[in-house]
Amino acid sequence: MAVYFDHRVEAPDSSGAAVLISWHSSVCVLAVGSVNPSTGGCVDLYLQQGEHVELCHVERGFSPSLLQWHPTKLLLAVGWETGETMLLSHPSGELTPLPNNTHNACITVLEWSSNGGRLVTGDQAGVMAVWRVDARGKLQGSPLIKHDYSKPLTCCIFRPPPPAEDVAMLARAAVSGDESALDMFNWKKSNKRAAFALGSQEGLTFYISTADGSVYSVDEQARSVPLVSVESKIQTMWYSKRRDVLAVVTDSLLLSQFSLGPEGIAQEISKVKLSGRGVQHADIVWTENGLLITASGEQHIRLWDVELDDHYALSLDESLGFEKGELLNCVSFCTSKQVLAAGTSRGRVALWHMVTVSDQQGDTKIHWKLQTPAEVEGNISQLQWGSSSHLLAVCSSSCVVILSEHVLCSHYSQQMAAVQLTPTQLSLANFNTNTHITFHTDTHIRAVQVTKDMVAVWNGKYITVYEPSGQTLHSTGSFQCESPALVVHEENIYTVEPNRVQIRTPQGTVKQLLAFSEAEGNPTQLSVCGSYLAVGTDTCHVRVFDLTRREAKAMGVTKNLSELIPDLGALRSVRCNASGSQLSVLIAQVNGRPDNKVYFYDIELDTLSHFDFFTGRPESSLAQSEDSQRTRCEGELAARCPVSQFWDENEPRLFVCETVPVNSDLLCILVITYFVKYVFCIKKKVYEAVWENMARMCVKSRRLDVARVCLGNMGNARAARALRNAEKEPEVEAQVAVLATQLGMLDAERLYKSCGRFDLLNKFYQAAGQWQQAVETAETHDRIHLRTTYYSYAKHLEALGDKNLALVYFEKSDTHRFEVPRMLMEDNLSLEIYINKMKDKDLYKWWGHYLESQSDMEAALHYYDLAQDYLSQVRVYCYLGNIQKASEIANETGNRAASYHVARQYEGQDEISQSVHFYTRAQAYNNAIRLCKENNLDEQLMNLALLSNPEDMMDTAMYYEEKGTHMDRAVMLYHKAGHVSKALELAFATEQFGALQLIAEDLNENSDPALLARCSDFFIKHTQYQKAVELLVAAKKYHEALQLCLDQSLTITEDLAESLTVPKDSSHLSEAGRKELLEKIADCCMRQGNYHLATKKYTQAGNKIKAMRALLKSGDTEKIVFFAGVSRQKEIYVMAANYLQSLDWRNDPEIMKNIIGFYTKGRALDLLAGFYEACAEVEIDDFQNYEKAYGALTEACKCLTKAKGRSGDEADRKLLILTHRLGLVKRFIQARRMHEEDPVEAVCVCESLLEEKDLDPAVRVGDVYGFLVEHYCHHGNFQQAWSKIEDLRSTRPNINLSLYVSQTSLEALQNAAGVRLVYRDTDTHAAEDDEEVEEDENINH
C-alpha cells in the first residue's frame, strides 16, 4: 500500500496565486506561473520536494499566459499576456527574450517540435512565428516563419516524423546481397541520394487552429494552407500516428475526426457531439491509445475511446472519503503507471488505476479502480504528472503541492514491529510486553528500523532516533544523513555512502567505517539478522560482517555474484540468516525485469543454489521429497515472482519469501524452511464464522486490536472502516460500541450510556429507527443536537408520508420557513392555510413572492403588507404604474431600499426633485449628488455633500471650485473631507478668513510647516496671539513662539510650556539649543511668577541651581526638601538649609533635622556650627536648659574643628571664642549640680562667673544672679539676697526678675524686706528677647 507525501513549494514572498504548472518531460523540475494583484506575475522553478531554485525567478508587471518545456533540454518557454516571450534556462536562470516586435497580444500558443529544434509561438491577435533553436538550446536570430491569421490562435500540434530506417537491418541486408540496401548506402547515386536518412528525423510539419474553428497546415517550406474547418472554437487537437487521423474537440464538446491523405487533403470521417457540459475551460486529456478524458466541473469524469467509439463515465465514491456534491475540475493521466488523477472542488485528488482484464473469449476490457484520495488545501484547478511517475503536481486556490508516492514501510526485529500508517504516523507493537503505541513524528517517514530499545526514522535527509518510555517515545538524537539504505543493530546505526558503510551512534557519530574498493562498488543493500550484517553493492558484490564483537569483522571475502548468475543486472534484495552462513538474494535481470528465482549463497561452502518460482521447482542440486509432495508443492508455487524475503532471527534454517502471482495483484506468503536442503510449504485457512465469533468476544473483552484482525479476516471492510473512524473517540466504550453495532450486537446502547456519550447514543437510535428514544435522549441529555434531531425526525416523518407530524418537528427545529413550503408545495391550499395560521413575516414574504410569480399582484401586495416588506410593495406598485402609492409607502415607512427603488423610478421619468428627495431618504447621497450636479441644483448639493462620505465631499468641492461660485462651500467641504491643506490654500486664494479660523483648529504638527507659518502670520495680524503661538509650535518654530509670548505678555501655561519643549534627540534643535530654549521658557515663567513650572524647565535644561532658586521663591517647603534630596549638589543643600532656617525650626524637629542633614551633605560645617550655636541660645533663652545648650555648643565645636583646615584663621578665631563660651557654660552647669552637696563652693563658682567680662551671652547674667538669690532665700539670708537683686538691677535696669527668680522666692524676699518689688511685664521682656534674637540672627548670618 502506498501513501502520498505532500511537499508545498517554497514560493518566494513576491509570488501570488499559482495559475500555471508544467513538469519537464525527463527531469524532476516543476515550473509554476503565478499572479500577484499588487506586483504582477512571476515564473519560478522548483525541485521534486518543493525546493525553490533561486536563480530561476522571473518577475514581470503582468501575468504569464503559457509555460512549455523543451522536450529534452532544461529550457522553458514562457509566454506573457502582453506578448512578451522568453526562454528560461535551468539551473543558471539565464533569460533569452524573443524579439519584442514579434507579438503584441497575449501568447496563446507555445509548442516545441519533437526534438526541440523548432518553437512555434502564437498570440491572441493571430500572429504565428516559428523559431529555430540549436543543439545548445540557443535561439537563432529572427523567426523562420511568420504568418498573420487575423484570428486568435488556440492550439498547435506537430505531426510526428515518419519512422527512420534501421541502419543495422540495412547493413545486414546489404551484406547478404540485397541490391536495394546496397544502393541506399551508395550516396553517389542521384536517384537514391535522398532515400536513406541516418537516425531519426524531426517532423517540422504542424497544425495550428484559430478561434473561428479553422485548422491550418504549415510545412517546413513555410507554406500555410487551410486544412479543415469546424463550427466553433477549437479547444484541443490530437494526431493518431497509427491511423493518420487528426481529431479536434471544440469548446461545445463536438469531436470531429479527419483522415489526412498523402497530398495534405483532409477528409472528415466522423463527427459526434460528446455528452457533458460544454464549457470554455474544460480540462481535456488525450492518452496514447486514443482515449479522450474530460473534466468540466461536474460530479463525474467522461471518457471516450476515439478508436472504438465507446464512452463511459467515472464518479466518486463517498465511502472512500469523498463528499456528496464534490465536483471534478481537472484531470491528468500517467501512462507508465496507468493511473488517472482528478482534482476536486473540495481539495481532494481522486486516483483511478486502470486495469485491463481478459475474458474467456480473449476480449479485453478496461476497469477503473478508485483509490483512497490524497488531500490538499483549496479548490484544485490543475494537475500534472511529473517525469518521475511517483510525482504529481497539484495547483489549488491556495498553494501548489507536489505529491510524492511512497510505499508504506515496516520493520520487525527482536519481537518489536513497526508499521507505517500515514506519512507521519507509526504503529509500534511489542510482543514481549503485549503493548501497542501509535506515534506521530514531526517529519515524513521514508524508512523505519526498530530494535527492542530503539526506533530509527529516516525522512530522506535526517535520521531521528527514539527510545520507548512507557506508552510514549522520546527523541534521543537526530543527525543529517542522505543514505539510501539504513539498518539498526543494538546501539549502532548502519548507513552507506560511496564505497563504504558507516557505523554510527544514535547521535550520528561515526564509530567505524567498512570500506569497499572501486571494483566492489558502492553499498546499496543492507540487512541485519541476528548478529550479522549483509551488504550488497551496485556492482553485484555481497559480503557478510560479524557484529558480535566490539567492532564489525568481515566473514570471508567479498563475492561477485555476476560470476555465478548469468544475466545479472542488479541486486534487488540481500538477506543473511541468523548464523551468517547463508545469503538469499533477489535480483533484476539485465533487461530490468525482476527474476523469478531466489538465490541462496552458502558462504562456508562457496556454492550457489536457487528456487524458481515460475516453475515451482528448486534446482536439481536441492534434495527433493516424495513425488506426491513435490507435485503438490510445484502446483502451488508455479507462475509466481518473489518480491521480498526474510530470515527468522533465531532459527537459521527458516526462510520466508513473499511472492505475487504472475499477472495478478493477489499476494501469497510462502514459508520455505531449510532442513539440510529440504523444502516444504505450509498453508492455513480459517473460516469466517470463527473470526466473527472471536470479534464478538472482543466486544466483551474490549480488545479492539484483536477485533481489527478479526474483521480483516472476515473481509468486513465496512466494519473495519467504522472501527478505524471510531478510534478518534477518547472513550474506549464508545469505540467498542461501534464494533458491537457493526456486529449486530445489543451492547451498544449500554456502552454509550456507561461512558456518557449521549450524542453517539442519539445517532445510534436514529440509525436504528428508534426515533422516540432519540428525541427523548436529545431533550434530556444531548440538547446541543436537539434541533438537528428534530429536523432528522421531521425528514423521516415526511418520507413516511406523515406530513402533519413532520410539520410540527420542522417547527421545533426552526426550519419550517423553508422546509414546510417545500413539503406542501403541491398542496397550495394547505400551504396558504398554514401560512395564514403561522403569521410569520418570512412566510408571508415567501408566499407573496410565490403569488407574484403567479401574476396575482393584489394578493401578493396583501401578503407583502403583512410581512412589512416595503421594498416588494414599492416594486409591485411601480410595476403596476402606481408610483404615487409607492412614494407614499416610502415616505411613511422610511425604508431605505424602498426609497431607493422609488428614486430610480423617478429618475427614469426625469422627475429630478422627487428622485433627489428619495435618494436622500435612502441615504444614497452619491446618486443624489450626481443628479444635483447634472441639473445645477447647487443649493441642495451642499447639504447632501455634508451628509455623504469624504469622497463625495471632495467631488462636490471640486465641482464648486471648477464652477468658480460658492467658494466658501468648497472650502468647507474640503475641510470636512479631511483635506485641510487644500481647504487652506483655497481659503487664502479667495480670502475666506472666517473659514480660515475654523480650519486652523485642525492643523497639527503633521501639517505643512510653510502652511502653518502662513496661518500663524494671519493670526498675529488679527491679534489672535494664542492661536498663532500654537501654530508656530506645530511648525517647530519654538523661538518665534516664545518671543511672541514675551512680546505680547502671554501667560505660559503648563500645556504651552510642554508643547514648547523640544524632545531629546530631536533633529530640529541641537542639545545646546534645546537647553537654551528651556532656560528661556523658565525665565519667562519666573517673570510671570509661575515658580513651579520654572523649576521644571530649569531642571529639564540641566540648571539645577536656578531651578532651586525658583523653587525657593515658591515657598513650597515640601518640594524644596524633595528637590534638594534628589539633586545631590552642595550648593542646593546649603540653599535649602538656609531657607529652612527662616522657618519655625525651633518648634518643628523635622525641619531642624533637615537643616542639620543638608548642611552636613553640603559640607557647610561653619554654617552648621552657627546653627548649633543658635540652638544653644534657644535652649538657654527659652528653656534655661544649659545641659542641652552645652551639647549643641559641643557639636558646634566639632564642626569648627573639621572646618579649621578649610576656612583658615577665621575658623580658628570662632573656635577659640566658642571654646571659651563652652567653658563658661560648663562651670555654671557644675555649680548648679554641686549646690546640693557643697552650696558654699557653688556660690563661689557663681561669684567667679559674675566676675567674667564676657559671661553673657554664654551664660545669662540673670540666671547666675537668680541662682544666688534662690540660694540666699533658701537659707534665710534675705539681706544678702536683696543685695544680689540690687546688683542685678544695676547691671540690667530693665530686666524682668520673674524670668530668673521663682515667684516663691520673690514673695518671701518682699515679706522679709517689707518692700514691694517692681519688675517689667512679659511683653517688654518679649521685645527684649526679640532684639536678642535679631542679634543672634545677625551673628549667624
Asker: Would you call V448 and L426 a side-chain contact if the rule is heavy atoms closer than 4.5 Å?
Answerer: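 They are in contact (side-chain heavy atoms under 4.5 Å apart), so the answer is yes.
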
Asker: Looking only at atom types and distance, does a side-chain atom of Q414 sit under 3.5 Å from a main-chain N or O of M416, one as donor and one as acceptor?
Answerer: no

Asker: For a side chain to side chain contact (heavy atoms under 4.5 Å, CB included) check, start with the C-alpha distance between V598 and Q645, then their side-chain angles and the critical distance, and finish with the verdict.
Answerer: CA-CA 9 Å; V598 55; Q645 54 178 342; 4.0 Å; yes

Asker: Please enumerate all residues that pass ring pair (Phe, Tyr, Trp, His ring centres under 6.0 Å) together with H52, with sequence neighbours excluded.
Answerer: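 Scan of H52 (ring pair (Phe, Tyr, Trp, His ring centres under 6.0 Å), adjacent residues dropped) gives Y46.
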
Asker: Please tell me whether Y532 and N577 have a donor and an acceptor in their side chains that are separated by less than 3.5 angstrom.
Answerer: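 There is no such pair between these side chains.
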
Asker: Which one of D546, L514, V544 satisfies the side chain to side chain contact (heavy atoms under 4.5 Å, CB included) criterion with L533?
Answerer: L514

Asker: Donor-acceptor pair, D602 side chain versus T607 backbone, under 3.5 Å?
Answerer: no

Asker: Take atom CE in M694; do more than 12 heavy atoms of anything else shown fall under 6.0 Å from it?
Answerer: no

Asker: Which value, rounded to the nearest 0.5 Å, describes the distance between E467 atom CD and H474 atom NE2?
Answerer: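 The distance works out to 5.0 Å.
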
Asker: Might you point out which heavy atoms bring P652 and S579 nearest each other, and give the distance in Å?
Answerer: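 What the structure gives for the nearest pair is CB-OG, 3.6 Å.
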
Asker: List the steps and the verdict of salt bridge (charged side-chain N to carboxylate O under 4.0 Å, His left out) for E51 and K461.
Answerer: CA-CA 13 Å; E51 305 95 332; K461 293 184 178 180; 3.5 Å; yes

Asker: Roughly how far, to the nearest 0.5 Å, is CD of E551 from CZ of F545?
Answerer: 12.5 Å

Asker: We want to know whether S404 and H7 form a side-chain donor-acceptor pair, criterion being a heavy-atom distance below 3.5 angstrom.
Answerer: no

Asker: Mind checking the CG-CG spacing from L392 to L403? Nearest 0.5 Å is all I need.
Answerer: 5.0 Å

Asker: Please check: side-chain N/O of T451 versus main-chain N/O of M454, any donor-acceptor pairing under 3.5 Å?
Answerer: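 It does hold such a pair.
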
Asker: Counting N and O atoms only, with roles assigned by atom type, does the side chain of R500 sit under 3.5 Å from a partner on the main chain of A515, one being a donor and the other an acceptor?
Answerer: no

Asker: Rounded to the nearest 0.5 Å, how far does CG of L704 lie from CZ of R724?
Answerer: 14.0 Å

Asker: Just checking F613 against F611, ring centres under 6.0 Å apart?
Answerer: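 Yes: the rings meet the under 6.0 Å criterion.
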
Asker: Distance alone, cut at 3.5 Å: any donor-acceptor contact between the side chains of S483 and E497?
Answerer: no

Asker: Using side-chain heavy atoms (C-beta onward) and a distance below 4.5 Å, is H610 in contact with V585?
Answerer: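 Not touching, per the 4.5 Å side-chain cut-off.
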
Asker: Compare every heavy atom of P642 with every heavy atom of C657, then report the nearest pair and how far apart it is.
Answerer: SG-CB, 3.6 Å

Asker: Check whether any side-chain heavy atom of T539 lies under 4.5 Å from a side-chain heavy atom of N560, and answer yes or no.
Answerer: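 When only atoms from C-beta onward are counted, N560 and T539 do not touch, as no gap falls below 4.5 Å.
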
Asker: Looking at K337, is its backbone amide N or carbonyl O close enough to the side chain of W385 to form a donor-acceptor pair, meaning the two atoms are under 3.5 Å apart?
Answerer: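 The answer is no, because no donor-acceptor pair under 3.5 Å joins these two groups.
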
Asker: Do R653 and D648 meet the salt-bridge criterion of a basic N to acidic O distance under 4.0 Å?
Answerer: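 Not counted as a salt bridge, because no side-chain N and carboxylate O are separated by less than 4.0 Å.
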
Asker: Near Y462 OH, under 6.0 Å, is it more than 12 heavy atoms from other residues, nucleotides or ligands?
Answerer: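 12 or below, so no.
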
Asker: Could you grab the distance from atom CD of Q582 to atom CZ of F600, nearest 0.5 Å is fine?
Answerer: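 Q582 atom CD to F600 atom CZ measures 8.0 Å (nearest 0.5 Å).
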
Asker: Is it true that R504 and T509 share a donor-acceptor pair across their side chains at a distance under 3.5 Å?
Answerer: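 Distance-only check fails for T509 and R504.
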
Asker: Kindly write out the residues that satisfy ring pair (Phe, Tyr, Trp, His ring centres under 6.0 Å) with F5, not counting sequence neighbours, or none if the list is empty.
Answerer: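 Scan of F5 (ring pair (Phe, Tyr, Trp, His ring centres under 6.0 Å), adjacent residues dropped) gives H406, H444.
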
Asker: Is a side-chain donor or acceptor of H489 paired with a backbone partner of G530 at a separation under 3.5 angstrom?
Answerer: yes

Asker: Might you point out which heavy atoms bring R640 and T659 nearest each other, and give the distance in Å?
Answerer: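 Heavy atoms only, the tightest pair is CD-OG1, 3.4 Å.
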
Asker: Run the side chain to side chain donor-acceptor pair (under 3.5 Å) check on E491 and T505 step by step: do they pass?
Answerer: CA-CA 7 Å; E491 295 296 327; T505 65; over 6 Å; no

Asker: Would W691 and L711 count as a side chain to side chain contact (heavy atoms under 4.5 Å, CB included) if you check the C-alpha gap in whole Å, the side-chain angles of each, and the deciding distance to 0.1 Å?
Answerer: CA-CA 7 Å; W691 291 112; L711 293 176; over 6 Å; no

Asker: Rounded to the nearest 0.5 Å, how far apart are CG of D6 and CD1 of I402?
Answerer: 11.0 Å

Asker: If you compare all heavy atoms of P468 against all heavy atoms of K452, which two are closest, and at what distance to 0.1 Å?
Answerer: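 Between these two residues, the closest heavy atoms are CG-O, 4.4 Å.
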
Asker: Do S581 and E604 pair up side chain to side chain, a donor and an acceptor below 3.5 Å, judged on atom types alone?
Answerer: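 Their side chains do not contain a donor-acceptor pair, so the 3.5 Å distance test is not met.
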
Asker: Could you check, using the six-membered ring where one of them is a Trp, whether F439 and Y466 have ring centers closer than 6.0 angstrom?
Answerer: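 Yes - the distance between ring centres of F439 and Y466 falls below the 6.0 Å cut-off.
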
Asker: Which heavy atom of T443 sits nearest a heavy atom of T424, and at what distance?
Answerer: O-CG2, 3.5 Å

Asker: Between Y599 and L608, is the side chain to side chain contact (heavy atoms under 4.5 Å, CB included) condition met? List the steps.
Answerer: CA-CA 7 Å; Y599 293 90; L608 183 73; 4.0 Å; yes

Asker: Please determine whether the number of non-hydrogen atoms from other residues, nucleotides or ligands lying under 6.0 Å from atom CD of E727 exceeds 12.
Answerer: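 Buried by this count: over 12 neighbours within 6.0 Å.
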
Asker: Answer whether the closest heavy-atom distance between the side chains of V535 and V542 falls below 4.5 Å.
Answerer: no

Asker: Less than 4.5 Å apart, any side-chain heavy atom of V457 and any of I463?
Answerer: no

Asker: Is it true that the side chains of T537 and E520 contain a donor and an acceptor less than 3.5 Å apart?
Answerer: no

Asker: When you compare the side chain of L486 with that of L526, does any pair of heavy atoms fall below 4.5 Å?
Answerer: no

Asker: Distance-only, no hydrogens or angles: does the W23 side chain make a donor-acceptor pair with backbone N or O of Q384 under 3.5 Å?
Answerer: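 Such a contact is found between W23 side chain and Q384 backbone.
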
Asker: Run the ring pair (Phe, Tyr, Trp, His ring centres under 6.0 Å) test against F333 and tell me which residues pass, sequence neighbours left out.
Answerer: none

Asker: Checking side-chain polar atoms at under 3.5 Å, does Q425 have a donor or acceptor matched by the opposite partner on Q420?
Answerer: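 Absent: no donor and acceptor within the cut-off.
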
Asker: Measuring only between side-chain heavy atoms, which start at C-beta, is K511 closer than 4.5 Å to N492?
Answerer: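 A side-chain contact exists here, since the closest heavy-atom pair is under 4.5 Å.
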
Asker: If you compare all heavy atoms of A552 against all heavy atoms of L547, which two are closest, and at what distance to 0.1 Å?
Answerer: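 Where A552 meets L547 most closely, the heavy atoms are CB-CD2, 3.6 Å.
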
Asker: Does H24 use its side chain to pair, donor to acceptor, with the backbone of V27 at less than 3.5 Å?
Answerer: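 At least one qualifying donor-acceptor pair exists.
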
Asker: Please report the C-alpha distance between T435 and T433 in whole Å, then the side-chain angles of each, then the deciding distance to 0.1 Å, and finally whether the side chain to side chain donor-acceptor pair (under 3.5 Å) criterion is met.
Answerer: CA-CA 5 Å; T435 58; T433 60; 2.9 Å; yes

Asker: Output yes when a side-chain donor or acceptor of Q735 lies under 3.5 Å from a complementary backbone atom of V732, and no otherwise.
Answerer: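 Absent.
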
Asker: Applying side chain to side chain contact (heavy atoms under 4.5 Å, CB included) to T495 and W458, what does each step give before you reach the verdict?
Answerer: CA-CA 11 Å; T495 60; W458 181 62; over 6 Å; no

Asker: Exactly one of V349, L383, V339 should register a side chain to side chain contact (heavy atoms under 4.5 Å, CB included) with S332. Which one does?
Answerer: L383

Asker: Does a side-chain N-to-carboxylate-O contact under 4.0 Å join R446 and E482?
Answerer: no

Asker: As a test of understanding, state which of R703, R702, R708 forms a salt bridge (Lys or Arg N to Asp or Glu O under 4.0 Å) with D705.
Answerer: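 When R703, R702, R708 are each tested with D705, the salt bridge (Lys or Arg N to Asp or Glu O under 4.0 Å) holds only for R703.
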
